[in-house]
Enquirer: 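The structure under discussion is supplied below as structure tokens; questions concerning it will follow.
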Amino acid sequence: MFPFWGNTCYGSEPISRKAGLERKLKFLIWMRDDLESKLAGLNASIDTIRQQIERSDSAV
């Protein structure tokens, strides 16, 4: 999936297992936060379209 996760080096400096796990955790949290923002935008768009459909149905 993400091949750099398995690397034992960051640049030319060796890193500890803990540092590697912390870097992975930071990346995963960043990915989750980014996806949550995108999901919030999608949910808002869905709600807006549903409201427009309801208004259009009640106007007929």
Enquirer: Restricting to pairs with a member in residues 30-50, which pass ring-ring contact (aromatic ring centres under 6.0 Å, His included), not counting sequence neighbours?
Expert: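 Counting only pairs at least two positions apart or across chains, the ring-ring contact (aromatic ring centres under 6.0 Å, His included) contacts touching residues 30-50 are F27-W30.
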Enquirer: Working to the nearest 0.5 angstrom, can you tell me the gap between D33 CG and L28 CG?
Expert: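 Answer rounded to 0.5 Å: 11.0 Å.
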Enquirer: For residues 48-60, please give each side-chain donor-acceptor pair under 3.5 Å, one per line with the distance, not counting sequence neighbours.
Expert:
residue : atom : partner : partner atom : Å
T48     : OG1  : A44     : O            : 2.9
S58     : OG   : E54     : O            : 3.2
S58     : OG   : R55     : O            : 3.0

Enquirer: To the closest 0.5 Å, what do you measure between CG (N43) and CG (L39)?
Expert: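 Rounded to the nearest 0.5 Å, the CG-CG separation comes to 4.5 Å.
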Enquirer: Would you check if L35 and R32 make a side-chain contact, meaning some heavy-atom pair closer than 4.5 Å?
Expert: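 SC-SC contact between L35 and R32 ruled out.
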